[in-house]
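Read through the structure below, which is laid out as structure tokens, and then see the notes.
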There are 4 protein chains.
Amino acid sequence: MTYKIAILGASGYTGAELVRLIATHPGMEIVALSGERKAGLAMSAVFPHLRHLDLPDLVKIEEIDFAGVDLAFCALPHATSQAVIKQLPSNLKVVDLSADFRLRDPVAYEKWYGKPHAALELQKEAVYGLTEFYREDIRSARLVAGTGCNAAAGQYALRPLISAGVIDLDDIVMDLKAGVSGAGRALKENLLHAELSEGFHAYSVGGTHRHLGEFDQEFSALAGRPVEVQFTPHLIPANRGILVTTYLKGDPGQVHECLATAYEDETFIQVLPMGEHPSTRAVRGSNFVHLGVVGDRRPGRAIVIVALDNLAKGSSGQAIQNANLMLGIAEETGLMLAPCFP
Amino acid sequence: MTYKIAILGASGYTGAELVRLIATHPGMEIVALSGERKAGLAMSAVFPHLRHLDLPDLVKIEEIDFAGVDLAFCALPHATSQAVIKQLPSNLKVVDLSADFRLRDPVAYEKWYGKPHAALELQKEAVYGLTEFYREDIRSARLVAGTGCNAAAGQYALRPLISAGVIDLDDIVMDLKAGVSGAGRALKENLLHAELSEGFHAYSVGGTHRHLGEFDQEFSALAGRPVEVQFTPHLIPANRGILVTTYLKGDPGQVHECLATAYEDETFIQVLPMGEHPSTRAVRGSNFVHLGVVGDRRPGRAIVIVALDNLAKGSSGQAIQNANLMLGIAEETGLMLAPCFP
Amino acid sequence: MTYKIAILGASGYTGAELVRLIATHPGMEIVALSGERKAGLAMSAVFPHLRHLDLPDLVKIEEIDFAGVDLAFCALPHATSQAVIKQLPSNLKVVDLSADFRLRDPVAYEKWYGKPHAALELQKEAVYGLTEFYREDIRSARLVAGTGCNAAAGQYALRPLISAGVIDLDDIVMDLKAGVSGAGRALKENLLHAELSEGFHAYSVGGTHRHLGEFDQEFSALAGRPVEVQFTPHLIPANRGILVTTYLKGDPGQVHECLATAYEDETFIQVLPMGEHPSTRAVRGSNFVHLGVVGDRRPGRAIVIVALDNLAKGSSGQAIQNANLMLGIAEETGLMLAPCFP
Amino acid sequence: MTYKIAILGASGYTGAELVRLIATHPGMEIVALSGERKAGLAMSAVFPHLRHLDLPDLVKIEEIDFAGVDLAFCALPHATSQAVIKQLPSNLKVVDLSADFRLRDPVAYEKWYGKPHAALELQKEAVYGLTEFYREDIRSARLVAGTGCNAAAGQYALRPLISAGVIDLDDIVMDLKAGVSGAGRALKENLLHAELSEGFHAYSVGGTHRHLGEFDQEFSALAGRPVEVQFTPHLIPANRGILVTTYLKGDPGQVHECLATAYEDETFIQVLPMGEHPSTRAVRGSNFVHLGVVGDRRPGRAIVIVALDNLAKGSSGQAIQNANLMLGIAEETGLMLAPCFP
């Protein structure tokens, strides 16, 4: 059986990545693509790498007949998503890739995103989309909120450790390095090649990055008490990839064992042997997560490093993994593409 | 049905690319991987991006039992290939990715490769592997010689035009730009990141690049007279991609029509509308070729630009396309992966 | 003696490059910097790499008192330059880095730039700024028009050859590769890192690039007859650098000798030994031009390759070289910085 | 007055960087260049970007007549340096860029470098080359040991804070990101462009990087008690640049004030206003250090970020700064080159 798919906001990078992955997904067929400013254009005019595919042209959302759609991916900007999803048929399955439905607490939402939430009823219904940890809820969900790409990377490192109580919750440092595609296709000076290439820098320093809202929500819930991590992202001159280096107080052997056990049945999460650590290039373009643990020279300190592809496992791959569950398809369908190296 | 595949020389980039593509190929299963210097290692130790796959360890060629192998890809260095393939069972289907069996004339081989050919009998049997032009021969071949990656790019631009007689054969200029992975994983100073990044230069200037042997052979055969193109490759700070800009004397409209007609039934060759031209990033990681024609301001001059991925369509993708034909599988099987952008 | 310098349009890349070079120039002192949209900001807010310098803040042009200014560099966008320079004191020495005064023929200007010239009187006064060929005129000029960066590169290859009559004027092919900084700091989608990195493509194909106006003007004047070259630029994922590969009909030895002789007394033009050819990385950040000649395998054909840094010798370095002449300073003052490699 | 300079080990990146900087240094003249494997070659054959300079050819060290040499830079590999410097005239001023004389304790040397020190007498004489902190000793030194590039970056962040006692010494986390040129011109697979580009990873994880020897020595001496930092370097796809992000427990305002005061008279150390933080691209190719402090959302935690160019201020620029002091030249001579951006 082939499910009919709409992609709203298909003219950005996560939209294109959804199309790329669905191109070889045996159970999905794209029947509608929206792009407000690019409505009327062929997808190949916006993304020439998709030229070989037989795709519908970009239209405005209101032109789409959702009657024949089984599931919609919503790859719209933050805040726009809320307004759009509210207008969609209430029985349509939706995977939202924006930040709009990630935070369960409206106060937290307003704190991190600077305005009141405009679709609180929907928020209550939304399931947080970190597949490996919300799998059963996602299976029966109508609306799934894809996680932040950085938030996904950090949670793969820490969730099992917090649950198991094997690390000090008050001294967690997460130093993250990210390629530039996570910033999207927006026209910003600091995203120009001439600005970014051959240099690197931190951003959102001091605990101001919005994905901290997700860390706070999820880690505190797991711990049963407030947990506030330190988190500094850095922009790296590469297109794809997130590497997060976490500095933890805990026994390295115990940390490794806890993670290896937690993920031993997970197709997409690969825990490396003790002492090995990952590289973003080894997951590029794929839905795989590589995770390594190294003990520091100072006893009782562990370094956990996680690598994933921000557009794939961090956004669009995760979205398809969730959609597979929601549609009753085998979870890994269409997602076994090997990483593209070199 | 699943065919049993061996990859000889699996520790180089074309070997890894074969594994990457076969990973989601429904009709092939890898049963043996060789790597002389890396024998004994797991493939994931050599290429961590392939960690999720259940692959045989690297062995020496003589350890492989070819009885259970349906087809071998030979991704060994030039000259080594000849010696190895001579020792393989004479009924084993082989796709060779080296230069060893591309040139039909032993004199030409010696001229371009600097030593006499060591397997002349096999050379006679070999079919040149440019799929779209040797399809029927490949279908029944036992030994197929994959083309040079640059040679493939140039031929997609010129073969139909030479056959149709629509361009001046004496004034063909091919200016080629290539990413660095075509040079392989060899330890050479000029391939270091610190040397190559943020700079570009020509190499093999003046008609000395070995792929000219293929151009001379193929173009002269098509034209029924000697054809010698001018050809200058350039090394570009990118990992994948070949872009060849050809300067031709001929009517641009006729040139475009000739190419559009020649390729209209080809799955992997996309001729862009007149006046548009391609980019390597739009074919990255895929088996697709994008081809564009633009008329110069000077009447009677056409510019044909071709983009392809050197590791995929230029080497390992082409090899699998040929293997599909040799094994009686649908030609495009396993090769419809969309390009990976950004 | 130290001359007082104003830079109009200092918030773009050529403006910043002027400041970088003047920072260690012993005979120039920056007394005013303009930037329309960034007026009021410190230069270090716009370009943090200039933080260590004691520079005036950015102001609007009308706020500058030109009474104390010896020479103004005008790094404004095309068309804006005309209007601004018309308003400057008529005895102020000006080096213009825009395209506004490069073309002597108003008809040619309108053809390539799409609108009538708005300062025809000034145009008559302007001297074309390719230093090595207009040195004496520049020395006594009040207004010098800096060349296009691509136009400079191509002319270094061809001018002596056209003057000497050693090449066929009807079959000149110039294939140019350029880093991205030549496109400036403008917010355009195709200049984003995620778009440009790891890929390359042609642009302005078919004889539509505006620098052809300069080639046509200069080459035709030298030849005493119309000369129209074929010219295709390509965008390369690097920040700085221009490499132009020219395909010529002429005797390679004669071509090399002609160029070696023409440039033997030039400080900044380095002709490599016959058969060697240049790389952009070897001139990065400097005012040097590297030039090589290789004979093709086909007798009577020569390949001339030129490398320079588009922001330095192609724009701001050239501008300072010209300003030195106009101010009576030794021509190479402040310009002997060695290239920055790796 | 012009001092005569020899550079031993001139065929590596730090050697080339010394030549680049000395090229416009008014008080130094290069009279000898050594390169064991490249002896007999012109420097321009090894580094084409230095072609415009009138330099001596590369020779073997034993061919150099040190009688006419005022100071030698020794840019040889670790361990080789010891043996070579022992053989030099005992009154020759030497700046060593290797690790051989950085650690004062022979036991520490053997621990981090895996073999006994072979020139213990010289070790006693050597002055540690972090100019801003050892200035007076360097002025009168005969042998100065240049610091590790990572070690320099980390010490600029922490030395004043440790001296002032404003941070917790037991919870210092240093997450460092470095461009690839710090690894030198060695032929290693992981330094190839195709391996490194478009990806990033940690290395020497867990407290195994040799520059920890310098941190331990210096920080413990300053604190008067053992200090062991956590330190993880990462390899970034860029050629130059080090960015170190340090996570500290201490009052951010006090931290900023302490650093601003410590460096207020330093030409090369720029402390940014509170809350701002640096980028490597803003110091590229220069001797400047940019240093920023940001307070974390959690009170009592400060993030200090330092950027410098590993080849310039991290190695060869520092070496020249020290040589200037040793020769009685103004410290900043030849080092005021502005960073090269973009």
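So that the names make sense, note that chain A is the first sequence line, chain B the second, and so on, each numbered from 1. Small disclaimer: the values here were computed from a predicted structure and weren't measured. Any value given below was found using the heavy atoms of this structure, including those in side chains, with hydrogens, waters and symmetry copies removed.
For T208(B), no part lies under 4.5 angstrom from a heavy atom of chain C. For V173(B), the part lying under 4.5 angstrom from a heavy atom of chain C is the side chain only. Within the 4.5 angstrom heavy-atom criterion, no atom of L192(B) approaches chain C. Only the side chain of I236(B) comes within contact range of chain C, with at least one heavy atom under 4.5 Å from a heavy atom of that chain. With a threshold of 4.5 angstrom between heavy atoms, D170(B) approaches chain C through its backbone and through its side chain. Only the backbone of Y203(B) comes within contact range of chain C, with at least one heavy atom under 4.5 Å from a heavy atom of that chain. Proximity to chain C (any heavy atom under 4.5 Å) is restricted, for H234(B), to the side chain, taken from C-beta onward.
Proximity to chain C at a heavy-atom threshold of 4.5 Å picks out H277(B), P278(B), S279(B), T280(B), R281(B), R284(B) from residues 274-285 of chain B, in numerical order. The interface of residues 148-159 of chain C with chain B, defined by heavy-atom distances below 4.5 Å, is empty. Residues of residues 247-257 of chain B lying within less than 4.5 angstrom of chain C, judged on heavy atoms, are Y247(B), K249(B) in numerical order.
Exactly one residue among L176(B), T232(B), D175(B), I303(B) makes a side-chain contact (heavy atoms from CB on, under 4.5 Å) with D175(C). That residue is D175(B).
Checking side-chain atoms of E198(C) against main-chain N and O of N239(B) turns up a donor-acceptor pair under 3.5 Å. Under the 3.5 Å distance criterion, the side-chain polar atoms of R298(B) are left unmatched by any main-chain donor or acceptor of Q230(C).
Note: D216(C) leads D216(C), L235(C), I305(C) in heavy-atom pairs under 4.5 Å with chain B.
Partners of K313(C) according to the salt bridge (charged side-chain N to carboxylate O under 4.0 Å, His left out) rule, which considers only residues two or more places apart in sequence or in another chain, are E132(C).
Minimum interatomic distance between A238(B) and F200(C) (heavy atoms only, all atoms of both residues): CB-CE2, 3.9 Å.
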